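Report on the structure given below.
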Amino acid sequence: MKRRYFIQQASAGTALVTLGSLGLQSFTSVEKTSKITILHTNDVHSHIDAFGPEDGRNANKGGVARRASLVESIRKENPNTLLLDAGDIFQGTPYFNYYGGELEFKLMSKLKYDAATIGNHDFDNGIDGLFAQLPHAEFQFVSANYDFSNTIMDTHTKPYKIFKKDGITIGVFGLGIELAGLVDPSLYKETKYLDPIEITQDMSRILKEDEQCDLIICLSHLGYHYRNNQSKISDLKLASTTKNIDLIIGGHTHTFLPKPTIVKNIEGKNMLVNQVGCYGINLGKIDFYFDSDKNKSANGTSIIV
């Protein structure tokens with residue numbers, strides 16, 4: 001109990017320092033400001049234990065228990081918090097080889113993840129293996145550009161999910177990377193890959209106009225950027241060719257960003273792209289502030305776990 005209390009206090013201190021550095025004082029009327037906190041992970045790859053003291057640059061970092069304490073302290077600071085994951089939950093440690101993903105989904109459920117998208121490695125036990133673990137996931141999988149209609153996963157994902165926090169309507173949709181060339185076709189079977197830019201145009205319109213969302217988030221496993229392949233769709237490319245998205249939470253390329261990248265969308269408006277590397281080493285944290293007219297601003301950081 002003493003150790004748990006110490007971890008909670010240390011995590012709370014980290015979170016509060018981070019919040020304090022984000023300039024809350026710049027808002028002249030805090031009473032009229034709604035604050036929504038988005039926490040996120042990507043490419044955890046079955047890393048349940050923390051890295052050991054001999055593990056080089058990652059020594060003593062990560063681990064689900066530490067992440068749980070950190071998330072708990074941030075939720076206490078701001079109950080209007082969402083916890084999201086951008087895919088590649090599976091594959092990377094013996095926990096996956098032995099339990100097939102059961103432990104990962106059960107622990108994410110204990111942490112009360114709100115939504116996740118599907119990465120290419122989440123097919124490593126085949127689409128049947130992914131389906132078999134779904135009963136252990138007490139959170140929604142969102143995937144708009146994987147057409148699962150001819151597979152066992154049909155109806156078990158949604159293209160998007162709506163959340164309401166403190167009077168703010170938040171829409172979260174998911175995108176996956178093209179599986180051909182990355183995953184053996186026998187593993188994903190008749191899953192069809194749909195163009196992410198076209199799907200995003202549809203999703204952003206539905207979320208903005210039909211669902212009247214104040215905040216639109218894309219959970220993407222497309223990858224941050226491909227320097228040697230300009231034609232490949234990445235998060236940066238998606239951001240610059242679409243509109244109405246406020247935040248892309250990325251995965252796949254294991255890109256460690258100290259803070260979100262600001263990108264001009266197709267209308268020349270600012271939006272954010274973020275990714276926090278891999279293995280649960282970092283936790284992404286982005287605070288959105290809404291005034292009484294629902295104008296929004298944002299600040300973000302990456303917290304070492």
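All figures in this text were calculated on a predicted structure; none of them were measured in a lab. For this chain, numbers begin at 1 and follow the sequence in order.
- Within the 4.5 Å cutoff, no side-chain heavy atoms of Val64 are placed close to those of Met108.
- Gln230 contributes a side-chain N or O that, together with a main-chain N or O of Arg227, makes up a donor-acceptor pair within less than 3.5 Å.
- Aromatic ring pairs are classed by plane angle as parallel below 30°, tilted from 30° to 60° and perpendicular above 60°; the pair Tyr188 and Phe123 is perpendicular.
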request  = Tell me, with the steps shown, if Val263 and Asn265 meet side-chain contact (heavy atoms from CB on, under 4.5 Å).
outcome  = CA-CA 6 Å; Val263 180; Asn265 70 11; over 6 Å; no
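- Without hydrogens or angle criteria, Gln133 side chain to Glu102 main chain gives a donor-acceptor distance under 3.5 Å.
- Other residues, nucleotides and ligands place more than 12 heavy atoms under 6.0 Å from the CG atom of Leu134.
- Atom CD1 of residue Ile304 and atom CG of residue Asn282 lie 5.5 Å apart, to the nearest 0.5 angstrom.
- Around CD of Glu267, the count of heavy atoms belonging to other residues, nucleotides or ligands within 6.0 Å exceeds 12.
- Residue Ile177 is not grouped with residue Ile248 when hydrophobic side chains (ILVMFWY) are merged at heavy-atom distances under 4.5 angstrom, including chains of intermediate members.
- With hydrogens and angles left out, the side-chain atoms of Thr169 and Lys164 include a donor and acceptor closer than 3.5 Å.
- At least one side-chain heavy atom of Phe90 sits less than 4.5 Å from a side-chain heavy atom of Phe105.
- For Phe148 and His156, the gap between ring centers reaches or exceeds 6.0 Å.
- Taking a cutoff of 4.0 Å between a charged side-chain nitrogen and a carboxylate oxygen, Asp214 and Lys296 do not qualify as a salt bridge.
- With a 4.5 Å cut-off on side-chain heavy atoms, Lys259 and Thr301 do not count as touching.
- Within the 4.5 Å cutoff, the side chain of Asp246 has no heavy atoms near those of the Leu272 side chain.
- Taking a cutoff of 4.0 Å between a charged side-chain nitrogen and a carboxylate oxygen, Lys189 and Asp128 qualify as a salt bridge.
- Between the side chain of Arg66 and the main chain of Asn60, a donor-acceptor pair closer than 3.5 Å is present.
- Ring centroids of His45 and His254 are separated by less than 6.0 Å, placing the two rings close together.
- Taking the six-membered ring where the residue is Trp, Phe139 and Tyr113 present tilted rings, their angle falling between 30° and 60°.
- Classification of the Tyr279-Phe51 ring pair by plane angle, with boundaries at 30° and 60°, yields tilted.
- Taking 4.5 Å as the limit, every side-chain heavy atom of Ile36 sits out of range of all side-chain heavy atoms of Asp287.
- Hydrophobic clustering (side-chain heavy atoms under 4.5 Å, transitive across Ile, Leu, Val, Met, Phe, Trp, Tyr) groups Leu84 together with Leu215.
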**Request:** Check step by step if side-chain contact (heavy atoms from CB on, under 4.5 Å) holds for Ile217 and Ile38.
**Result:** CA-CA 10 Å; Ile217 298 171; Ile38 306 298; 3.6 Å; yes
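- With hydrophobic clusters built from ILVMFWY side chains whose heavy atoms lie under 4.5 angstrom apart, Leu222 shares a cluster with Leu194.
- Taking the ring axis of Tyr226 as reference, the NZ or CZ atom of Lys232 stays within 45° of it and closer than 6.0 Å to the ring centre.
- For Lys61, the NZ atom is densely surrounded, since the number of other residues' heavy atoms within 6.0 Å is greater than 12.
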Show your reasoning for whether side-chain contact (heavy atoms from CB on, under 4.5 Å) applies to Leu82 and His40.
-> CA-CA 8 Å; Leu82 290 180; His40 63 92; over 6 Å; no
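- For the pair Gly284 and Asn274, the tightest heavy-atom approach, listed with the atom from each and the gap, is CA-ND2, 4.4 Å.
- Among Asn120, Asp88, Asp235, the single residue meeting the side-chain hydrogen bond (donor to acceptor under 3.5 Å, both in side chains) criterion with His252 is Asn120.
- Judged purely by atom type and a 3.5 angstrom limit, Ser109 uses its side chain to pair as donor or acceptor with the backbone of His136.
- Applying side chain to side chain contact (heavy atoms under 4.5 Å, CB included) to Leu175 and the options Thr117, Ile197, Thr200 leaves one that passes, Thr200.
- The same ILVMFWY cluster, assembled from side-chain heavy atoms under 4.5 Å apart, contains both Leu187 and Ile89.
- Annotation: side chain of Lys285 is in contact with side chain of Thr37 (closest heavy-atom distance under 4.5 Å).
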>> Run the side-chain hydrogen bond (donor to acceptor under 3.5 Å, both in side chains) test on Asp154 and Ser149 for me, step by step, so that the C-alpha distance in whole Å, both residues' side-chain angles and the decisive distance to 0.1 Å come before the verdict.
In response: CA-CA 5 Å; Asp154 185 32; Ser149 56; 5.5 Å; no
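- Stacking of Lys158 on the aromatic ring of Tyr160 is not recorded, the 6.0 Å distance cut-off and the 45° axial limit not both being met.
- For the atom pair CG of Asp85 and CG of Leu219, the computed distance is 7.5 Å after rounding to the nearest 0.5 Å.
- Going from atom OG1 of Thr81 over to atom CG of Asp114 covers 9.0 Å, rounded to the nearest 0.5 Å.
- Residues Met271 and Val273 form a side-chain contact, since some pair of their non-hydrogen atoms from C-beta on lies under 4.5 Å apart.
- Residues Pro196 and Asn145 approach most closely at CB-ND2, 4.1 Å, considering heavy atoms.
- One N or O on the side chain of His221 and one on the backbone of Ala86 form a donor-acceptor pair closer than 3.5 Å.
- Side-chain contact between Leu39 and Val71: present, with at least one pair of heavy atoms (C-beta onward) separated by less than 4.5 Å.
- Remark: Thr41 OG1 to Leu283 CG distance equals 7.0 Å, nearest 0.5 Å.
- No side-chain N or O of Asn244 forms a donor-acceptor pair with one of Thr242 less than 3.5 Å apart.
- Under the 3.5 Å distance criterion, with hydrogens and angles disregarded, no donor-acceptor pair is assigned to the side chains of Ser46 and Tyr99.
- The distance from the CG atom of Leu103 to the NZ atom of Lys106 is 8.0 Å, given to the nearest 0.5 Å.
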Between Asn295 and Tyr289, does a side-chain hydrogen bond (donor to acceptor under 3.5 Å, both in side chains) hold up when you go through it step by step?
CA-CA 8 Å; Asn295 297 310; Tyr289 302 94; over 6 Å; no
#### Entry: Ile281 vs Phe256, side-chain contact (heavy atoms from CB on, under 4.5 Å): CA-CA, chis, key distance, verdict
CA-CA 10 Å; Ile281 294 166; Phe256 284 85; 4.2 Å; yes
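- No side-chain donor from either of Thr151 and Glu190 sits under 3.5 Å from a side-chain acceptor of the other.
- Under the 3.5 Å distance criterion, the side-chain polar atoms of Asp55 are left unmatched by any main-chain donor or acceptor of Asn58.
- Contact detail for Ala59 and Pro53: the closest heavy-atom pair is CB-O, 3.5 Å.
- Linking Ile, Leu, Val, Met, Phe, Trp and Tyr residues whenever their side-chain heavy atoms come within less than 4.5 Å places Phe163 and Ile286 in a single cluster.
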Practice problem: Check the pair Thr253, Gln275 against side-chain hydrogen bond (donor to acceptor under 3.5 Å, both in side chains), reporting the backbone distance first and the verdict last. | Solution: CA-CA 9 Å; Thr253 48; Gln275 191 179 145; 3.2 Å; yes
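- To the nearest 0.5 angstrom, Lys243 atom NZ is 11.0 Å from Ile216 atom CD1.
- With no hydrogens or angles considered, a side-chain donor-acceptor pair links Lys264 and Asn270 at under 3.5 Å.
- Relative orientation of the Phe290 and Phe288 rings is tilted, given thresholds of 30° and 60° on the angle between their planes.
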